[in-house]
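In what follows, a single structure is set out as structure tokens and then discussed.
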Number of protein chains: 2
Amino acid sequence: MLLDPRHLHILSAIVDAGGLSEGAMALGKSQPSLSRIVANLEARLGEPLFEKGRRPLRPTELCERLAAEGRTIARATHAAQSIADRFTSGQAGSVRVAGTPIFMDGVISNVIAGFQSAHPEVRVDQSYGYAKDLLDGITAGTIDIGICPMEEADVPSEFEFQPILKGRNVIACGAGHPLVRKRSLRLEDISEYPWITQPVGSPLFQDLRDVLNSIGVTDFKVSYSGGSLSSILNVLMGSNAMTVLPYSVVFMQPSKSIHALPIRIQHPRRQLGLLSKKDGTTQPAARRFVRHLTTQFRSLSQAITERQRQAVWKS
Amino acid sequence: MLLDPRHLHILSAIVDAGGLSEGAMALGKSQPSLSRIVANLEARLGEPLFEKGRRPLRPTELCERLAAEGRTIARATHAAQSIADRFTSGQAGSVRVAGTPIFMDGVISNVIAGFQSAHPEVRVDQSYGYAKDLLDGITAGTIDIGICPMEEADVPSEFEFQPILKGRNVIACGAGHPLVRKRSLRLEDISEYPWITQPVGSPLFQDLRDVLNSIGVTDFKVSYSGGSLSSILNVLMGSNAMTVLPYSVVFMQPSKSIHALPIRIQHPRRQLGLLSKKDGTTQPAARRFVRHLTTQFRSLSQAITERQRQAVWKS
DNA sequence: CAATTAATATAGCATAATGTTATGTTACTG
DNA sequence: CAGTAACATAACATTATGCTATATTAATTG
């Protein structure tokens, strides 16, 4: 039978502490316990581990060598303990998070940045998808958290949906767009410019169509589609095209290169929220990530409503 | 309480083997045993280690990390096992061997060389001393094996003395010594040459004195004393001095630069032998060393008697 | 060198952990 | 959908470990 790693650990503790009693103290055990374990080991090895009849307990050469392995074992055990501790407290581990492209790129990635500097040992695996993909991914166990705009009514019962931001869309254009300088803006003004759209299946595409429908425009010009956020921003800035974006995305843009037109459009009924399994089997790291997101979004949405009120006063 | 290193080892085995049953097979345990250990671990950690309800058992990230530590533990445990095995079989460890300078340098060191190439993991710590020192050293536990010429009657009862070579001394001189070329050699011829001696307390000094006494020479010229073997050999070769050496030492000299004069002198009553504690508490490596010495010396002494017989025929 | 002190060894007992076999459940397979 | 292979659970025997109390023994000290 193989040696017991615990015994090697104990051996190293005795050697390092310089005696049975000290070793027992260090390990939080009783001295007779260690004494017997050493005796059994010696019996099984057929070799003495400590020189007999000497009081400042002197380890045999064999004992020294075994103790060296014991130290390795002790190190590994402590490392494992620390891994487990950090893991269960959510300070280490990984979150697999997926969400709609525009939100992920425009808002969530900023929040993730903050999360990562607070929890450097947590790995964030990000991917993209719409509601359907997220539900499937969560069911299949390939993602932990989904982030997308949804109506609570559409959330299947086995999922939890936690809203983090009210749906607020705006019509956005580049800072140099002709409409930016116009004094009074009417909905009809926007109909002559081309549009940038998301893929047809995306919520934002529906929002865009709904907005234009609501003002009677059914046949709109699409100049660009399919790009991810950074592409869209570049096209917005470099052309007269317009698009519909969540206000939060425009809000989060660090530069002033994107402009939200002060036109009131209908709010989508969807709310941005976090999708997860209801049974709470998520990893601690994922739970911590959710906590971070919710608190960050609380302040973000306050900042947004504040800005919007000011904008209203100005317009 | 700290994690149990055995559990981490088991975890790594399960992960590496790809399942509970395979892991159990690899560890030589039953599957339910591992199943329960995993369940207990999960309960204590409060985190799943394998994804629930999936058949090709898939380890959690936490599990993977813990298993990595488990692998370290497994490695260390196996290393310890192998250390213990080699140690108890005498293939590793150390021997502390001490002996009279001339024998150690002239004979034993050659045998040690052979021992070391056969057992490279055994460290040989050599030191020098006469019978008294060796007995003291063995008693104090600072040496394992003593090698010196002794009479069995002089060995204290708590020691074991195992003879390995009969005492045979010769008068030795350099190959260019005038006496080498002389046809018929009489004991009186030697009295005119100076002598190289060992320290006064050494067995070989007594032997030298006894030899000269036996031929009536009480007042002999000492030209050089106190050197170790290589110095003595150099002085022998470069001068007309002579000395008394064990025949085995002359025999072992690789070059023909040393000559044993074909003069029969009395044999010392002492025999070269191995001193050790009687209680057999010696390390396995020391036992193996003793075994090696005895077998080597068996063939050495055969070779010596063979050569001596030939020498007798020739002279 | 006797007496003291401090450390280790042993004894005896209670308990927790492990190991086993038998058997129930469940996820994948054809 | 039935069969199979793998994991989970149950029940019980055994071993290992833990503890306290106490005996030994090696070093120390007067």
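Numbered from 1 within each chain, the chains take letters A, B, ... in sequence-line order.
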- Carboxylate-amine/guanidinium contact Lys52(A) Glu42(A), below 4.0 Å: yes
- Query: Where each residue is assigned the nucleotide of DNA chain D containing its nearest heavy atom, which of Arg54(A) and Asn40(A) is assigned the position nearer the 5′ end?
  - Reply: Asn40(A)
- Query: Is the shortest side-chain N to carboxylate O distance from Asp144(B) to Lys277(B) below 4.0 Å?
  - Reply: no
- Rounded to whole Å, CZ of Arg44(B) lies from P of dA16(C) at a distance of 14 Å
- Glu121(B) with Arg86(B): basic N within carboxylate O range, under 4.0 Å: yes
- Separation of atom CG in Asp4(A) from atom P in dT15(D), rounded to whole Å: 16 Å
- Any Ser21(B) side-chain nitrogen or oxygen under 4.0 Å from OP1 or OP2 of dA5(D): no
- Separation of dA6(C) atom P from Leu20(A) atom CG, nearest Å, is 17 Å
- Item | d(CG, Leu57(B); C1', dA27(C)) in whole Å | 12 Å
- Message: Please report the distance, rounded to the nearest Å, between CG in Leu49(A) and C1' in dA9(C).
- Response: 15 Å
- Query: Rounding to a whole Å, what distance do you find between Arg58(B):CZ and dT26(C):C1'?
  - Reply: 17 Å
- Taking NZ, NE, NH1 and NH2 as the nitrogens, is one of them in Glu160(A) or Lys278(A) under 4.0 Å from a carboxylate oxygen of the other? no
- Query: Quick one: Phe50(B) CZ to dC7(D) P, roughly how many Å, whole number?
  - Reply: 9 Å
- Message: For Arg65(A), is there an ion pair with Glu61(A) - N to carboxylate O distance below 4.0 angstrom?
- Response: yes
- Query: If only atom types and distance count, is the side chain of Ser109(A) paired as donor or acceptor with the main-chain N or O of Met104(A) below 3.5 Å?
  - Reply: yes
- Could you identify which residues of residues 22-37 of chain B place a heavy atom less than 4.0 Å from some atom of DNA chain D, listed by residue number, or say none? Gln31(B), Pro32(B), Ser35(B), Arg36(B)
- Note on the structure: Among the nucleotides dA9(C), dT18(C), dA27(D), whichever has the atom closest to the side chain of Arg6(B) is dT18(C)
- Item | Thr88(B) backbone acceptor or donor facing Glu47(A) side chain under 3.5 Å | no
- Query: Hey, is the side chain of His7(A) poking within less than 4.0 Å of OP1 or OP2 on dA16(D), counting only N and O atoms?
  - Reply: no
- Rounded to whole angstrom units, what separation is found between the CD atom of Glu51(A) and the P atom of dT25(D)? 19 Å
